[in-house]
Protein chains: 2
Amino acid sequence: MDDEATRARQELGLLLRRLNVELDAVGQRFADVHELNRTDVRALVAIMDAARRGEALTAGRLGEAVDLRSASVTALVDRLERAGHVRRVRDPEDRRRVGLEMSESAMAAGAEHFGGLARDLVAAMEDYSDEELAVVRRWLEDMTAVITRHPRAEPPA
Amino acid sequence: MDDEATRARQELGLLLRRLNVELDAVGQRFADVHELNRTDVRALVAIMDAARRGEALTAGRLGEAVDLRSASVTALVDRLERAGHVRRVRDPEDRRRVGLEMSESAMAAGAEHFGGLARDLVAAMEDYSDEELAVVRRWLEDMTAVITRHPRAEPPA
DNA sequence: GATAATGTCTCGACGATCGAGATAATCGAC
DNA sequence: GTCGATTATCTCGATCGTCGAGACATTATC
């Protein structure tokens with residue numbers, strides 16, 4: 001592969017990084033508008049995703065999803081509950097467990113912000129042919145695979 | 001556009017989100033390995049990018065890059081300097097300014113971690129034709145444009 | 001029923017960030 | 001040149017998110 005070709009591929013990597021930054025900024029904006037921190041947004045997204053899959057996340061599983069210890073999860077859920085974004089619901093089956101349900105308003109706010117973006121993205125893909133999108137899809141899957149496999153740790157000397 | 005076509009496009013959006021998550025995880029891994037927090041990593045990346053452009057970032061411009069107030073930048077640079085990742089260099093032209101230079105070791109660690117990923121990504125693009133990559137590039141630019149334009153604020157009722 | 005395992009919460013501590021204001025250097029008007 | 005305004009960074013005290021250790025209640029195991 002000649003230099004020119006390599007450079008073109010490196011540029012795609014840079015484009016991907018730029019896209020990543022902008023996508024993070026979308027979450028940051030949601031946080032700013034609703035006076036939340038980034039962890040709170042990640043948590044709401046996790047709860048929302050779970051809800052879409054039909055499951056109600058428990059406090060513990062939320063902690064795993066956002067990588068927080070139990071003490072922090074308690075504080076996190078306290079914040080979200082105080083802000084009216086989620087409700088704690090004791091599981092009647094296992095009364096140690098605390099299920100988390102999003103409020104209507106939080107659901108709506110999330111749909112507005114992130115759903116709106118999703119709509120805009122789909123709209124921007126209108127003019128692409130099925131063949132083109134298939135290429136993009138394959139590329140995204142390949143890049144994701146590479147990124148996911150990227151070394152989890154390099155001993156720091 | 002029929003339902004099937006819309007669904008295919010929505011899936012690309014989800015793929016993009018997943019890629020975003022994995023890409024963030026790469027930075028998180030770097031942070032874990034080198035005992036830094038996410039802000040520190042963002043700062044090092046910003047300094048590194050600036051260095052690659054041939055400029056030495058000042059404390060103030062770093063603060064803009066990572067969106068931190070001056071008090072926080074001082075603490076941030078203190079941490080990085082204490083860890084041996086950067087040096088403060090007073091600008092002889094304007095002695096109010098503090099330039100930031102990355103240490104060799106930090107430069108090497110960054111190149112190892114992020115440069116390694118860049119190489120792997122380029123390698124994974126080997127088998128794509130120029131035409132295919134052109135499609136991907138156009139798509140990335142279009143999506144980035146949509147994401148960047150996404151509303152900066154929606155008054156929360 | 002006693003004991004272990006599980007899920008969440010409380011408490012105290014630490015660290016990242018911030019606003020306000022101090023300090024020092026440069027610029028501009030005269 | 002001098003003096004006030006501006007710029008760049010730093011110091012200090014306060015706030016908030018996160019954590020480790022451990023308490024508490026509930027469920028599982030024997």
Side-chain angles (χ1 to χ4, degrees), chain A residues 24-25 27-47 50 55-101, chain B residues 24-25 27-32 34-47 50 55-83 85-101:
Chain A
D24 282 348
Q28 184 61 54
R29 259 170 255 154
F30 184 80
D32 291 345
V33 170
H34 297 279
E35 300 188 329
L36 302 166
N37 61 43
R38 282 198 73 64
T39 299
D40 296 356
V41 175
R42 289 183 62 202
L44 286 176
V45 169
I47 298 172
E55 347 164 355
L57 231 46
T58 63
R61 294 187 95 68
L62 174 61
E64 292 167 21
V66 297
D67 195 34
L68 246 51
R69 308 297 131 231
S70 78
S72 310
V73 174
T74 299
L76 163 62
V77 177
D78 283 348
R79 289 196 301 273
L80 295 179
E81 198 169 36
R82 204 178 314 122
H85 296 318
V86 306
R87 278 184 304 275
R88 278 180 165 96
V89 184
R90 281 256 170 230
D91 184 341
E93 302 279 315
D94 182 341
R95 303 220 323 288
R96 292 169 302 183
R97 274 193 266 230
V98 170
L100 301 171
E101 289 178 1
Chain B
D24 282 347
Q28 183 61 54
R29 259 170 254 155
F30 184 82
D32 290 345
H34 296 279
E35 301 188 331
L36 302 166
N37 61 43
R38 283 197 70 66
T39 300
D40 296 356
V41 175
R42 289 183 60 199
L44 286 176
V45 169
I47 298 171
E55 347 164 356
L57 230 47
T58 63
R61 293 186 96 68
L62 173 61
E64 292 168 19
V66 297
D67 194 35
L68 245 51
R69 308 298 129 229
S70 79
S72 310
V73 174
T74 299
L76 163 62
V77 176
D78 283 349
R79 289 196 301 272
L80 295 179
E81 199 170 35
R82 206 177 315 125
H85 297 317
V86 306
R87 277 185 305 275
R88 279 180 164 93
V89 185
R90 282 254 172 233
D91 185 341
E93 302 276 317
D94 182 343
R95 303 217 326 285
R96 292 169 304 180
R97 277 194 268 240
V98 170
L100 301 172
E101 288 179 2

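Below, read A as the first sequence line, B as the second, and so on, with proteins coming before strands; counting in each chain starts at 1.
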Q. Hey, is A/R29 close enough to A/D32 for a salt bridge, meaning N to O under 4.0 Å?
A. no
Q: Rounded off to whole Å, could you give me the CG-to-P distance for the A/L36 and D/dC16 pair?
A: 15 Å
Q: State, with a plain yes or no, whether a side-chain heavy atom of A/R38 is found less than 4.5 Å away from one of A/V41.
A: no
Q: Write down the distance between CG (A/D78) and C1' (C/dT8), rounded to a whole number of angstrom.
A: 11 Å
Q. What integer distance in Å separates B/N37:CG from D/dT18:C1'?
A. 12 Å
Q: In whole angstrom, give the distance that lies between atom CZ of B/R97 and atom C1' of D/dT7.
A: 9 Å
(Q) What is the distance, to the nearest angstrom, from the CG atom on A/L62 to the P atom on C/dC9? (A) 11 Å
(Q) Treating B/R97 as the side-chain partner and B/R90 as the backbone partner, does any N or O pair qualify as donor plus acceptor under 3.5 Å? (A) no
**Q.** Phosphate OP1/OP2 of D/dA8: any B/T58 side-chain N/O under 4.0 Å
**A.** no
Q) Looking for any heavy atom pair under 4.0 Å, which part of the strands does B/R38 touch: base, sugar-phosphate only, or nothing? A) nothing
Q. Is B/L100 close to B/L80 at the side-chain level, that is, under 4.5 Å between some pair of heavy atoms?
A. no
**Q.** Distance, rounded to the nearest Å, where A/R90 contributes CZ and D/dC24 contributes C1'
**A.** 11 Å
Q. Could you state the interatomic distance from CG (A/D91) to OG1 (A/T58), rounded to the nearest 0.5 Å?
A. 9.0 Å
Q: May I ask you to test the B/H85-B/L36 pair for a side-chain heavy-atom distance under 4.5 Å?
A: yes
Q. Hey, does the side chain of A/R87 reach the backbone of A/E81 with a donor-acceptor pair shorter than 3.5 angstrom?
A. no
Q: Kindly state which residues belonging to residues 64-77 of chain B come within less than 4.0 angstrom of DNA chain C, counting heavy atoms of the residue only, listed by number.
A: B/L68, B/R69, B/A71, B/S72, B/A75
Q) Which whole-number value in Å describes the distance from B/L57 CG to D/dT9 C1'? A) 14 Å
Q | B/E101 side-chain N/O to B/R88 backbone N/O, donor-acceptor pair under 3.5 Å | A | no
Q: State the CG-CG distance between A/N37 and A/L76, to the nearest 0.5 angstrom.
A: 8.0 Å
Please write out the pairs of protein N or O atoms and N or O atoms of nucleotides 27-30 of chain D separated by less than 3.5 Å, giving the distance to one decimal.
| unit_1 | atom_1 | unit_2 | atom_2 | d |
| --- | --- | --- | --- | --- |
| D/dT27 | OP1 | A/R95 | N | 2.9 |

**Q.** Nearest-angstrom distance from the residue atom CD of A/E35 to P of C/dT17
**A.** 20 Å
